[in-house]
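Since we're looking at a predicted model, the values are computed, not measured. Numbering starts at 1 and runs along the sequence shown.
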Amino acid sequence: MDESKHTDDAAAAEPSGKQLMFQQWWEAERRQTQESEQGQEHGQVQGQGQGPAAFADFVVSLRFDAAGDRTRAATAAAAAATLQDTVARLVQAGLVAEVRQAVQARRRHGHGRGRGAEYTGDGAHVLVFVSCPRARLVAEWRRSRLHDWLGGMLPLRRVSGAGTGGDPYEVDGDARDDPAQLLAADGATADGISVAERQRLVHSIIGAAGVGGGSGGSGGVAVVALHDGAFNRAWVRHWARKWLVDGRDLRRIRAHFGEEIALYFAFVQSYFVWLALPAAAGVAAHVAGASFAWPLAAALVVWTVAFTETWARREADIATYWGVHGVERAADTRRAAFRPAHHATDPVTGERVPVFPAARRWARRALGAVVVAALAAVLAALVAGIFALQTAAGELYAGPLAPAVGLAPVALFSACLPLYTAACTRVALALTEYENYEYEAQFAAQLTAKLFVFRFLQDQLYLFLTAWVLVPYRDVFERWAHRAAAAVAGQAAAASALKPSDTPAAALVQALLAGFVVTSQLVNLATETLLPLALRWWTARTRHAADTETPSADAPSADADASGDALRFVARVAEETRLPPYSTFEDYAEMASQFGRVAFFSVAWPLAPLAAFANNWLELRADAAKIAGATQRPIPRRLASIGPWLRALRLMCWLASVTNALLVYQFSPATGLLLPPVDDPAAMRRYGRSALTMALVVLLFAEHAFLALRWLLVRAMASSWPSAYDRIVARDRARSRRRWLDSAPLAVRDLAYEPSAADADADTTDAADAADVVDWRTELSHGLQVVDDVFKAA
């Protein structure tokens, strides 16, 4: 369904007067919603083509501070100047802009039919609806394709069937050699451009025009993509009825939201499938009572390496098939905040380019590393302090209100850590800005690395402290707790309120891990998805009333042509601008933290992979619902890899080899290689094995075994499983050489001639060659006769 059809249908629906352009969008979406709901009977996701979202590309939200009568005139002048500048920039960029005041629907309280909704102005909030004409879109598409070609990205074309070697794509040799062929593809008529590609191109036009900054829901100017309600509803329903997300589902997400969101869902789906292996092994180990068993630990380490390396290969193949291989290098955008020290001539291209000296950046990075280390040390101390309170309250305290006292440190943990980590996030953002990276990919990778340090300490340090601080030194900890209690409440009160901890060391680690894993997954699901969706549902009740009631007479009078449908649509868009923007960081961080817990501590609680497996099935659907209804629509972004998160997973694989080995050594009752016999069963029950020298030997052995395993696996994959990109490029090079030889002069082809077995038996040879062949055959016949005579004589 193209744009002109939307316009014609909407005009036909209301011929008596002129409709607003965005109202036409609303009418078309309402009709498409009915069509998609009818299509649900067949289990199909509707609305992913050129639907209503192809008309209203973006809305620019402008919020102004109108507080204070004394500054109202100055604020109005500034608001007018900002609006005029924004519209002028959009129009000069070739876009179409339509301005409306934002409205909000308020539910009328009453009884019977009088109950409904009324519309009021949404403060000093102005919406600029932005759409892109077809000719401007095609021009931007051509510019983007040419930029990709200049950056070295190989143009691919789909082949019929499975393709040569099982690959559905091959290099488009004509487009690779002649960019004019590349620019003559389907997108040159705007018919082959997906919704996500359209929004990416239009957003690049808006960004190049200098419009934007901030995010929806905050002050200032924000560029917000409009949700396609029909697609979102069909998407959530379709996934709720499926067990596995397949390649067709991922392609639909890519066509609607872009490669970044589709790659995230591809990663979670792959991780979910791979979790079936440790989940099954963990259930078997739990039934057999084989906690802290070295076969389970070895299997977990092998699994972590196999998963990360196969995902690295899979994401490379996905990037190849999606046509974004090398996009970070070829199409990365220079940051507007980049401040070059000077300009210099590029030694390759000869162009004048902005330059920031690497030495200065490294000096800034060193300063940033010191600051991050200091913040991490404070965070570690905070976690350790709360851990000490939690252990004292849960393990040692036996006085009045013991259950409530045991929950107090948990409440303190929940209250303090988010505030501190939010402050750390702001500092990390400022440090990364100070390091002055030129490109967006560099900036995102460095920011993610800093934030991962804080997230890792927040999520994993509790468990490390339990296994390697509390358990080995629990007697020292109990003495400190008694001294502190005696200093506060007196010796008698401390003696009666505190009891010695008699929980076995292994059981203590298992109980804490089980509670931590289950609680963290439930809290993440509730805070990230259920709570935002509940709030969204509550506000949607007002919008539902607005869909069934006549607008109030209190609606803004500035829009004399605004009908009921127009007001409903503007209210819905204003509501979307107040939603928080979506970022994949929190979702990737959650998956990385979960991967760490599974890799580090499943040997202690073998059911951890099963809990993660069940959680991730829900996570896929919950994230879909969150994107569809609790956040702004993600702006499409091309990515070829999960980037720094893959490096984080590989780091945790190495840590898993060490932690699993130490946990088995410390708590396994078995004996054998690197597991000395237990001389004191009571000490083993209370502390586990605590010989530091032997623990260091186990650590070094496990680390070297891991490095050898990873080296062997990577080499085996590289030799037996070439990537799709390598296969496609190798076939293209072979075809290019073959075409060149076929068109080369005869003398050149003779140089490449290689005689076959059939040529050796050919009768068409010249006289000299024939003489050589006859002489060689005669000698061979004579030799065979001699061998025969010798054996006969014997």
Any residue meeting ring-ring contact (aromatic ring centres under 6.0 Å, His included) with W294, in chain and number order, not counting sequence neighbours: none
Exercise answer: donor-acceptor pairs, residues 694-710 side-chain atoms, under 3.5 Å, sequence neighbours excluded:
from : atom 1 : to   : atom 2 : distance (Å)
E703 : OE2    : W654 : NE1    : 3.2
H704 : ND1    : L700 : O      : 2.8
R710 : NE     : E309 : OE2    : 3.4
R710 : NH2    : E309 : OE2    : 3.3

Which residues share a ring-ring contact (aromatic ring centres under 6.0 Å, His included) with F443, sequence neighbours left out: none
Residue list, side-chain hydrogen bond (donor to acceptor under 3.5 Å, both in side chains) with W311, at least two apart or on another chain: E315
With F356 via ring-ring contact (aromatic ring centres under 6.0 Å, His included) - residues at least two apart: none
Those residues that, when tested against S291, pass side-chain hydrogen bond (donor to acceptor under 3.5 Å, both in side chains) (two or more places apart): Q510
Heavy-atom donor-acceptor pair, Q460 side chain to S593 backbone, under 3.5 Å: yes
Atom pair CG/CG of L382 and L461 - distance to nearest 0.5 Å: 10.0 Å
Partner set under side-chain hydrogen bond (donor to acceptor under 3.5 Å, both in side chains) for N616, not counting sequence neighbours: Q594
Whether F307 and W303 hold their rings parallel, tilted or perpendicular, with breakpoints at 30° and 60°: parallel
Exercise: identify the closest heavy-atom pair between A225 and I635: CB-CG1, 4.5 Å
Contacts of type side-chain hydrogen bond (donor to acceptor under 3.5 Å, both in side chains), residue S204, not counting sequence neighbours: E140
Selection residues 357-369 - residue pairs positive for salt bridge (Lys or Arg N to Asp or Glu O under 4.0 Å), sequence neighbours left out: none
With F464 via ring-ring contact (aromatic ring centres under 6.0 Å, His included) - residues at least two apart: W468, F600, F601
Qualifying side chain to side chain donor-acceptor pair (under 3.5 Å) pairs with a residue from residues 367-377, counting only residues at least two apart or across chains: none
Value rounded to 0.5 Å, distance of CG in L447 from CD in Q442: 13.5 Å
Scan the side chains in residues 426-434 for donor-acceptor partners under 3.5 Å anywhere in the protein, sequence neighbours excluded, and list what turns up.
from : atom 1 : to   : atom 2 : distance (Å)
T432 : OG1    : A428 : O      : 2.7
E433 : OE1    : R335 : NH2    : 2.8
E433 : OE2    : R335 : NH2    : 3.2

